[in-house]
Amino acid sequence: QVQLVESGGGLAQAGDTLRLSCTASGRSFSSYAMAWFRQAPGQEREFVASISVSGANTFYADSVKDRFTNSRDNNKNVVYLQLNHLKFKDTAVYYCAANMAYNDYARTSSVSSTMDYWGVGTLVTVSS
């Protein structure tokens, strides 16, 4: 069992930077691939970024590629999402998710139905 708690959301202006954190409790954090999804008001949840168990491999949605950076610290049981050059369309609730992984790929964690555990989300609001 893994519990995930996101933090770091808030109000930002377009062009600003935020860093989201997701702290995991439970055992074997380093056995889980991690991912971020987001859900904007009135829209479906969408994939944002994922990172492999070792942190060596990452995968991003085209909409955030080159602006967001996903990283993890397996010693601290934390995964981070750095949001650079924020845009109004980045406004959403951001969710952290985990799934047990048997390889060091990131792309396989880009589908929400494959994720085993979810956090409750943190709201990011970007004003234009």
Side-chain angles (χ1 to χ4, degrees):
Q1 189 78 10
V2 176
Q3 291 80 42
L4 303 173
V5 179
E6 303 94 337
S7 60
L11 179 63
Q13 293 187 333
D16 282 355
T17 295
L18 284 177
R19 189 175 79 159
L20 307 182
S21 299
C22 173
T23 302
S25 60
R27 295 161 61 176
S28 303
F29 174 73
S30 59
S31 298
Y32 289 87
M34 303 296 295
W36 292 90
F37 294 80
R38 67 185 181 186
Q39 186 167 19
Q43 298 187 23
E44 294 186 354
R45 189 175 299 184
E46 66 174 2
F47 167 76
V48 176
S50 57
I51 189 166
S52 65
V53 293
S54 72
N57 299 299
T58 54
F59 180 61
Y60 297 93
D62 288 342
S63 59
V64 305
K65 195 174 182 180
D66 299 328
R67 294 192 299 123
F68 290 6
T69 301
N70 200 9
S71 61
R72 66 189 294 163
D73 186 336
N74 286 342
N75 292 322
K76 296 181 179 179
N77 285 13
V78 179
V79 61
Y80 304 101
L81 185 68
Q82 175 110 349
L83 289 64
N84 299 321
H85 307 296
L86 280 164
K87 301 178 180 181
F88 176 73
K89 65 180 182 179
D90 294 322
T91 296
V93 177
Y94 284 73
Y95 298 91
C96 173
N99 69 340
M100 178 67 75
Y102 302 95
N103 53 54
D104 203 34
Y105 302 143
R107 186 183 292 262
T108 50
S109 299
S110 63
V111 179
S112 61
S113 60
T114 67
M115 307 311 288
D116 299 319
Y117 302 102
W118 292 84
V120 297
T122 185
L123 176 62
V124 173
T125 304
V126 184
S127 61
S128 57

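The structure displayed is predicted, hence computed values, not measured ones.
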[X] with [Y], same ILVMFWY side-chain cluster at under 4.5 Å:
{"X": "Val64", "Y": "Leu18", "answer": "yes"}
{"X": "Met100", "Y": "Trp36", "answer": "yes"}
{"X": "Tyr105", "Y": "Tyr102", "answer": "no"}
{"X": "Ile51", "Y": "Val53", "answer": "no"}
{"X": "Leu4", "Y": "Phe37", "answer": "no"}

Check your understanding: Got a second to check how far Ser28's OG is from Asn77's CG, nearest 0.5 Å?
Key ->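 Here the interatomic distance stands at 9.5 Å.
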Practice item. Hey, could you give me the OG/CG distance between Ser127 and Asp16, rounded to the nearest 0.5 Å? Key: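 Reported value, rounded in 0.5 Å steps: 7.5 Å.
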Check whether any side-chain N or O of [X] sits under 3.5 Å from a backbone N or O of [Y] as a donor-acceptor pair, and report yes or no.
{"X": "Arg72", "Y": "Ser52", "value": "yes"}
{"X": "Ser50", "Y": "Ala106", "value": "yes"}
{"X": "Asp104", "Y": "Ser54", "value": "yes"}

**Study point:** For Tyr60 against Asn70, the heavy-atom pair lying closest together
**Key:**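 Looking at all heavy atoms of both residues, the shortest contact is OH-N, 2.7 Å.
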Check your understanding: In terms of ring plane angle, is the pair Phe59 and Phe47 parallel, tilted or perpendicular, where the classes change at 30° and 60°?
Key ->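 If you compare the ring of Phe59 with that of Phe47, the planes turn out parallel.
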Is any side-chain heavy atom of [X] closer than 4.5 Å to a side-chain heavy atom of [Y]?
{"X": "Arg38", "Y": "Asp90", "answer": "yes"}
{"X": "Met34", "Y": "Ser109", "answer": "no"}
{"X": "Trp118", "Y": "Ser112", "answer": "yes"}
{"X": "Leu20", "Y": "Glu6", "answer": "no"}
{"X": "Tyr95", "Y": "Met115", "answer": "no"}
{"X": "Asn74", "Y": "Phe29", "answer": "yes"}

Tell me which donor-acceptor pairs under 3.5 Å the side chains of residues 78-85 have, and how far apart each pair is, sequence neighbours excluded?
{"from": "Gln82", "atom 1": "NE2", "to": "Asn84", "atom 2": "OD1", "distance (Å)": "3.3"}
{"from": "Asn84", "atom 1": "OD1", "to": "Thr17", "atom 2": "OG1", "distance (Å)": "3.3"}
{"from": "Asn84", "atom 1": "ND2", "to": "Arg67", "atom 2": "O", "distance (Å)": "3.4"}

Point to revise | By side-chain contact (heavy atoms from CB on, under 4.5 Å) - contacts of Gln1 (at least two apart) | key: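 Listed in chain order: Gln3, Tyr117.
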